[in-house]
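Notes for the one structure printed next.
One-based numbering, in listed order, for ligands and for the atoms of each.
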Amino acid sequence: MSSHSFDSFQLRPELLKQIHAANYHTPTPIQAQAIPVALTGKDVLGLAQTGTGKTAAFVLPILNQLIDGPRGQLRALIIAPTRELAEQIHESIRTLGKGTGLHSQTIYGGVSMRTQVNALRRGVDIVVACPGRLLDHIQQRTIILAKVKILVLDEADQMFDMGFLPAIKNIIHSIPQQRQTLLFSATMPPDIQKLTATILKDPVTIQVEHTKPLEAITHAIFPVKAHLKTDLLLAMLEQTRTQLVLIFTKTKHRAKSLDTLLQKKGYRCASLQGNLSQAKRQAALNGFKDGTYDIMVATDIAARGIDVSLVSHVINFDLPDTTEAYIHRTGRTGRASRTGDAFSIVCPDHSDDRDMIRQIERKMGSPLKELTLDAFDYNRVNSEIPKGAFARGPRPAARGGRQWRSK
Ligand code: AMP
């Protein structure tokens, strides 16, 4: 457990070589704890989110165990919720397993079944799969799982959220009981606890703290009815002590109109949207950096490359479409060891917003703080924006509360 370097693990030299080539000097906490246990063949229940190095924590023990043994026989199966994650894991196997002669293949929907069938026929050692397509292969008998001796379920909580539980149960029926199982999850809701009890044998539980980069940022959501989003944004800006503020909207049009509104309200504001010429874009960016503007309104695409160390607040006027975009957006604050706030205005009435918040919380491994502006009338029937009126409220004093989410 107390390993300070990868050399202290019982890993094969060909793996150590690739670890060094990848520039991994010190094992991350999840690696320090999980690798020695997994190498002994024991089952592992890992509570860890993305960004903790959990992929290498299971990839290295798998490679190490498969090095000795026949090639071209499917001996390790990794199940992940999304194609993107499957690809990432596959990449990690390719990099770390370079000198081992072991082959990995991804299996997920949306691409031709035939290519996957051909690869499986040629013989692979490791499969990284999403549940739906894997089940298709099992049902069509184009994949044989009889030799699988290591099973990994990655981001189990997300797979549950996506409704993959029946598929996973089905898949597990096709895998020999005599095996090692490693299950990773950012959270441990009752459904997963039940599953772990049935599929893990005497597991060693490993839990790690959240990753560093996220700690510098305070994440919070501000629930409000859709027609009051703009009013709430104005109230937030009014009541919060900020340096530079970066506001994200879903569309170019919204970025522009918010910019116009904020300028009318007297803010030194600019917007970045795809329609701008390169010269105007650069002028807006420079103005944000040199303090001409305090607020920048942008879309995801237009905001690429903004790296401003003084951004104190990222405000999601509209939530992004993916958790990756959320991490990306909010990573713009809290840079260079400054602290920052990431605020999201969300509409509990909209199922898209509710779903995205849940996904973000899973990704981060903890619930987002829910805040209410004290001096804001959440029950008003009409937005005050058209009238141009805006009542000044007292200083922040945001308070917590969570009335709308059933956990
Ligand atoms: P993961 O949580 O598995 O998605 O890994 C997050 C990132 O950390 C990936 O880009 C890995 O390549 C990287 N990483 C994993 N382990 C280490 C390590 N021991 N040292 C440095 N970087 C690492």
- Message: Can you confirm whether H227 is buried at NE2, in the sense that more than 12 heavy atoms of other residues, nucleotides or ligands lie under 6.0 Å from that atom?
- Response: yes
- Does a side chain donor of either H90 or T106 reach within less than 3.5 Å of an acceptor in the other side chain? no
- Query: Is the closest side-chain donor-acceptor distance between R133 and Q116 under 3.5 Å?
  - Reply: yes
Between ligand 1 and the protein, which N/O pairs are shorter than 3.5 Å?
{"residue": "ligand 1", "atom": "2 (O)", "partner": "G51", "partner atom": "N", "Å": "2.7"}
{"residue": "ligand 1", "atom": "2 (O)", "partner": "T52", "partner atom": "N", "Å": "3.0"}
{"residue": "ligand 1", "atom": "2 (O)", "partner": "G53", "partner atom": "N", "Å": "2.7"}
{"residue": "ligand 1", "atom": "2 (O)", "partner": "K54", "partner atom": "N", "Å": "3.4"}
{"residue": "ligand 1", "atom": "3 (O)", "partner": "K54", "partner atom": "N", "Å": "3.3"}
{"residue": "ligand 1", "atom": "3 (O)", "partner": "T55", "partner atom": "N", "Å": "2.9"}
{"residue": "ligand 1", "atom": "3 (O)", "partner": "T55", "partner atom": "OG1", "Å": "2.5"}
{"residue": "ligand 1", "atom": "12 (O)", "partner": "Y24", "partner atom": "OH", "Å": "2.6"}
{"residue": "ligand 1", "atom": "16 (N)", "partner": "Q31", "partner atom": "NE2", "Å": "2.7"}
{"residue": "ligand 1", "atom": "19 (N)", "partner": "T26", "partner atom": "O", "Å": "2.9"}
{"residue": "ligand 1", "atom": "19 (N)", "partner": "Q31", "partner atom": "OE1", "Å": "2.9"}

- Item | Closest heavy-atom pair and its distance - T249, R254 | CB-CB, 3.9 Å
- Ring centres under 6.0 angstrom apart (Y326, H219): yes
- By ring-ring contact (aromatic ring centres under 6.0 Å, His included) - contacts of F58 (at least two apart): F184
